[in-house]
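This report refers to the structure that appears directly beneath it.
Letters A, B, ... are given to chains in the order of the sequence lines, protein chains preceding strands, and every chain is numbered from 1. All values below come from the heavy atoms of this structure, side chains included, with hydrogens, waters and symmetry mates left out.
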Protein chains: 2
Amino acid sequence: MNDLPGNNWTAESVASDLERAIHEHRLPPGTKLGEDELGEVYGISRTLVRAALQTLGHRRLVEHRRNRGAFVAQPTVREAREVFEARALLEPRTARSAAERCTPQDIAILREHIRAEHAALAAGEHGKALHLSGRFHIEIARIADQSTIAAFISELVVRSSLIIALYWQRRAAMCESHAHDALISAFEKRDGGLAEDLMKNHLLDLLTSLDLRNVSEMPGSLREALAR
Amino acid sequence: MNDLPGNNWTAESVASDLERAIHEHRLPPGTKLGEDELGEVYGISRTLVRAALQTLGHRRLVEHRRNRGAFVAQPTVREAREVFEARALLEPRTARSAAERCTPQDIAILREHIRAEHAALAAGEHGKALHLSGRFHIEIARIADQSTIAAFISELVVRSSLIIALYWQRRAAMCESHAHDALISAFEKRDGGLAEDLMKNHLLDLLTSLDLRNVSEMPGSLREALAR
DNA sequence: GGATGCGAGATTGTATACATAATTGTATCT
DNA sequence: AGATACAATTATGTATACAATCTCGCATCC
């Protein structure tokens, strides 16, 4: 995105930039993230690149293989289930809190997210739409005023994007579901219980739209062998 | 602990070692973690020290101040509440899963944890006892076979140890509560619902044993004010 | 002809050197 | 004597250099 030489990149901003690229599926699972290459792209030394990759590694968005380098993570079926289990524990209750606390301003922000998401979809920018869709969930955690939980959800949302990249089965109509619109109306009514239920079902819908039957497991090493 | 020159430290093992020291209150909140000093202690260069400190920073166990260095984190009252909110969302349901899945071997491991914890308490090693008490919670997440949630809980548990260091009010009798024993008996009965309730109450007890009313902040902010 | 072993190239792992910012001590001025 | 400005020191931020390890091609041997 911003690879101008005059841009003052920090380890954090590079990590954010890469995270966004991963979230938007511009960097698909398994992509090699070479240190020299990234250093040249951003005009920084390997020191900062490594710091950024370590950050992403800690968020499980990047997998490190000793003496092999960093790769965009390829969540296994098992990890995929775990991610959605965690989201099921965290997000419904957080949505309830958010619905009970949200201000008109918050609702305006959420509406703007949805508008931008629909615009991106209409323009065929699926990655950007996915990113905005995820940001919607993170925004809810922010509204709930729970920065710790928000940090967890943020990580889980981006990992979900990787999972969607690997296991999505419904080719057409990615986010035609109006779950987010329904959530907003619950927010407007300040109906925490409804918001909690809607979020729970929304996550279940997401999970069932994935194809996690794949028993073969170990996609990592197998896919890795083919990718090279 | 292990500062022998022959020991081959990695960034991860150094981070683990420091995390344990923080968990055990050997490194109290606010402690300056100088890079050169740590490098000398472990016999490694600042490169690895910085990597370890970055890991701890991402887990919110260490706070980085630009051009000032790294310090053991000093959670605010607000952060303390957030940490226990998050634990309240994650741990009870995880305890339920664990109770329904646990094997006799798992129970033996948990019993061993409690035994070691009591032994440490009897020996007056409060820090070690606190560490073991926290590990008990992490072990439950492992038994539930949820590594993603376990990672979150692990972070929250160590942050809780920092919170206890700052806000604990009951001076005497740290963990005389038999909450962990009660949890084990629920596990033996495979009573998931009971385990969930016990965990919920255990966390509530922990929270109410803290003094979070203090709006005037803590020694942390005082020390901070003086530092300037 | 196929498989195995070896070596050149490339990439990551770690340490060190340099640059930059903050702190502290000192000297001077009012 | 107190305060302020400046210099020296210390510590962090970043880049670069060196070492270790892996990949891949090529030659050799069976």
Side-chain angles (χ1 to χ4, degrees), chain A residues 2-18 27 30-58 61-74 220-228, chain B residues 2-18 27 30-58 61-74 220-228:
Chain A
N2 248 329
D3 54 354
L4 308 169
N7 207 331
N8 274 2
W9 290 100
T10 67
E12 292 78 29
S13 64
V14 169
S16 294
D17 200 60
L18 288 173
L27 292 174
T31 304
K32 169 86 187 268
L33 299 172
E35 296 179 355
D36 278 318
E37 191 178 351
L38 288 174
E40 189 154 318
V41 166
Y42 290 102
I44 56 180
S45 75
R46 283 177 52 215
T47 304
L48 293 185
V49 172
R50 282 176 74 83
L53 290 177
Q54 203 202 337
T55 295
L56 296 176
H58 201 276
L61 305 178
V62 158
E63 291 169 0
H64 276 275
R65 289 155 185 176
R66 177 141 189 118
N67 291 319
R68 301 281 296 276
F71 301 81
V72 178
Q74 297 176 311
S221 57
L222 177 60
R223 200 178 302 250
E224 179 70 17
L226 298 179
R228 286 271 119 197
Chain B
N2 248 331
D3 54 355
L4 307 170
N7 206 327
N8 273 1
W9 290 100
T10 68
E12 292 78 30
S13 64
V14 169
S16 294
D17 199 60
L18 288 172
L27 291 174
T31 303
K32 170 84 188 266
L33 300 172
E35 297 178 354
D36 280 316
E37 192 178 349
L38 288 174
E40 190 152 318
V41 167
Y42 289 104
I44 56 179
S45 75
R46 283 178 50 217
T47 304
L48 292 184
V49 173
R50 282 178 73 83
L53 290 177
Q54 204 203 337
T55 296
L56 296 176
H58 202 276
L61 305 178
V62 159
E63 292 168 359
H64 275 275
R65 286 134 154 169
R66 175 139 192 118
N67 292 318
R68 301 281 295 275
F71 302 80
V72 177
Q74 298 176 314
S221 63
L222 178 60
R223 194 183 302 235
E224 180 72 14
L226 296 179
R228 288 221 151 250

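At distances below 3.5 Å, at least one donor-acceptor pair connects side-chain atoms of A:Gln54 with backbone N or O atoms of B:Ala51.
Applying the side chain to side chain contact (heavy atoms under 4.5 Å, CB included) test to A:Thr10 and every residue at least two apart in sequence or in another chain returns A:Glu12, A:Ser13.
Here the closest heavy-atom approach between residue B:Ala70 and residue B:His64 is recorded as CB-CE1, 3.8 Å. For the residue pair A:Trp9 and A:Tyr42, the shortest heavy atom distance occurs at CD1-O, 3.3 Å.
Within the structure, salt bridge (Lys or Arg N to Asp or Glu O under 4.0 Å) pairs that include any residue of residues 46-57 of chain A comprise A:Glu35-A:Arg46, A:Glu35-A:Arg50 (at least two apart or interchain).
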Annotated protein contacts, base or backbone, on nucleotides 11-21 of chain D with a non-hydrogen cut-off under 4.0 Å, one of B, S, - each: SBBBBBB---S
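Here C:dT14 presents its C1' atom at 14 Å from CD of A:Gln54, a figure rounded to the nearest Å.
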